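As the structure is a computational prediction, the values presented were derived from the model and not from experiment. The analysis underlying the following values was restricted to heavy atoms, covering all of them including side chains, and did not include hydrogens, waters or symmetry mates.
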Amino acid sequence: MENRLIVTASPHIVDRSSTQKLMGNVIIALLPSVLASVLIFGLRALLVEAVTVFACVAFEYLYCYLMKKPIPVGDLSAVVTGLILAMNLPVSIPLWIAVLGSFVAIVITKQLFGGIGFNLANPALMGRLFLFTSFTGRMTEWVFPQSLSGVDALSSATPLVAGQTTPLPVLDLFLGVHGGVLGETCSLAILLGFVYLVATKTISPAIPVTYVGTVAVLALVFIGPSHVMLHVLGGGLLFGAVFMATDYVTSPFTLKGKIVFGIGMGVITWAIRYWGNMAEGVSYAILLMNLFVPYINDLTRQKPLGGAKKK
Amino acid sequence: MSAQQNKISVLTNGIIKENPVLRLVLGTCPTLAVTTAAFNGLGMGVAATFVLVCSNMVISALRKIIPDKVRLPAYITVIATFVTIVQMLVKAYAQDLYSALGVFLPLIVVNCIILGRAEMFASKNNVLDSALDGLGMGIGFTFTLLLMSAIREILGAGSLFGVTIIPESIDRISIMTTPPGGFLTFGVLMALVIFVETKLGQKKKRAIGCEGCPSAGVCQSKGECK
């Protein structure tokens with residue numbers, strides 16, 4: 001109770017939100033995707049998720065213990081990083097590679113830069129890109145054991161590649177019955193998470209809406225209405241837009257900044273998908289815009305009410 | 001400090017305290033480019049050390065003759081002479097290394113470690129001290145390149161000096177032999193050196209400008225006046 005007298009500069013907004021609570025909301029929002037990944041890819045999806053979550057928490061604990069820093073495991077941010085990283089891995093990934101990705105995410109991307117709040121890029125995203133660059137074959141090995149189809153394992157290309165020639169039914173794309181990494185396929189689960197996050201005011205809808213909107217408009221302009229749903233639902237766009245681009249640490253503060261951030265990611269994603277030689281561009285788009293965030297924040301800073309004009 | 005100790009400290013300066021790559025952050029271009037395999041790193045380090053020692057000695061011997069206004073062209077001429085010698089030797093006796101190092105071998109001419117030591121040390125000190133300084137800096141450079149290239153080769157290709165040490169069945173972390181892996185290794189090693197310095201209590205207060213520069217003692221803050 002010694003904190004009741006606040007002797008800092010304004011604003012004196014007293015709010016019960018804490019890192020732990022916000023991260024808890026993100027975990028709840030991720031649960032539909034976790035469930036969908038188990039239904040679509042089988043129980044091994046759960047194993048991958050458990051391993052990355054455990055590894056991320058263990059690395060965070062170990063690093064802070066060895067460096068004699070306060071242990072921040074209670075804020076649940078490492079759990080979120082682990083879950084999001086798992087959502088970015090294919091179900092067939094060897095477990096040691098998943099652990100390596102957790103190490104890159106937590107130790108190299110987050111803790112070496114100073115821990116939560118100081119990382120320049122989203123840790124889970126860096127973990128994914130490190131693995132993607134190193135083990136391209138394994139990371140694009142989209143096999144899913146689907147009990148419904150009666151086949152043991154079905155290898156398939158990402159809809160972004162397969163859909164160029166024979167468009168998949170939109171319902172399949174929406175429910176996620178196609179190849180991909182664990183979290184990206186089931187759009188329904190991602191949208192449920194998005195609604196929960198917006199309803200609890202954990203995230204502002206500005207970034208996901210502008211990001212997805214930009215990609216949809218560009219797909220309409222460059223290819224035509226037939227490919228809009230494929231580009232919105234087919235790849236990692238929805239998952240990236242809802243869970244990875246909205247990370248507090250690596251996204252802009254103001255509404256104007258968030259809109260610039262979202263449109264920038266949309267344009268880069270489209271450029272990579274349409275002109276680049278990779279099928280998917282969401283990860284690189286988010287990473288590039290993450291690095292621009294300090295500049296976006298500088299340029300879109302809100303003028304204080306009654307503040308002097310900038311010279 | 002006696003003269004003997006002074007000589008030793010001139011030699012050891014470049015190895016740890018003023019390690020050219022990790023502390024002075026000089027010569028990063030060859031550091032990042034050639035450290036994909038341990039053999040290349042070692043070869044680059046030895047070639048640069050040879051040029052560094054020879055050019056430091058010659059420049060130090062000529063320091064009173066070279067007019068101040070044309071000192072940089074004069075230094076470059078001396079350095080280029082030794083680089084050409086090294087290039088010819090490597091081409092004649094180590095073809096593999098020659099093709100692996102490629103353009104980075106002739107580029108030793110513009111390696112900022114060599115030019116930097118000529119300007120900061122050899123032009124102000126006698127021949128013996130300059131030779132020792134060149135040797136120390138060269139050892140520091142070679143050691144760092146060897147360390148970085150060993151880390152990158154083991155993780156990225158599963159081998160060391162071309163000998164496979166990790167079974168083929170285990171996937172290679174191929175990012176480590178690509179440029180991003182070079183930057184990752186470089187950054188982590190720099191952080192490690194600063195961390196060890198802090199633990200040993202040797203670290204000066206980190207500041208921007210001359211106080212924060214490990215070479216401040218040599219150049220006597222002349223850089224800031226300009």
Among A:Val104, A:Thr133, A:Leu100, which has the most heavy-atom pairs under 4.5 Å with chain B? A:Thr133
More than 12 heavy atoms of other residues, nucleotides or ligands under 6.0 Å from OH of A:Tyr65: yes or no? no
A:Tyr248, OH: over 12 other non-hydrogen atoms inside 6.0 angstrom: yes
Is there any residue in residues 146-153 of chain B with a non-hydrogen atom under 4.5 Å from a non-hydrogen atom of chain A, and which ones are they? none
More than 12 heavy atoms of other residues, nucleotides or ligands under 6.0 Å from CZ of B:Phe143: yes or no? no
Give, as side chain, backbone, both or neither, the part of A:Ile108 having an atom under 4.5 angstrom from any heavy atom of chain B. side chain
So for atom CZ, which belongs to A:Phe54, do other residues, nucleotides or ligands contribute more than 12 heavy atoms lying within a distance under 6.0 Å? no
Take atom NZ in A:Lys69; do more than 12 heavy atoms of anything else shown fall under 6.0 Å from it? yes
Give a yes or no on whether A:Leu43 atom CG has more than 12 heavy-atom contacts from other residues, nucleotides or ligands under 6.0 Å away. no
So which residues of residues 173-191 of chain B are in contact with chain A at a heavy-atom cut-off of under 4.5 Å? B:Ile173, B:Ser174, B:Ile175, B:Met176, B:Leu184, B:Val188
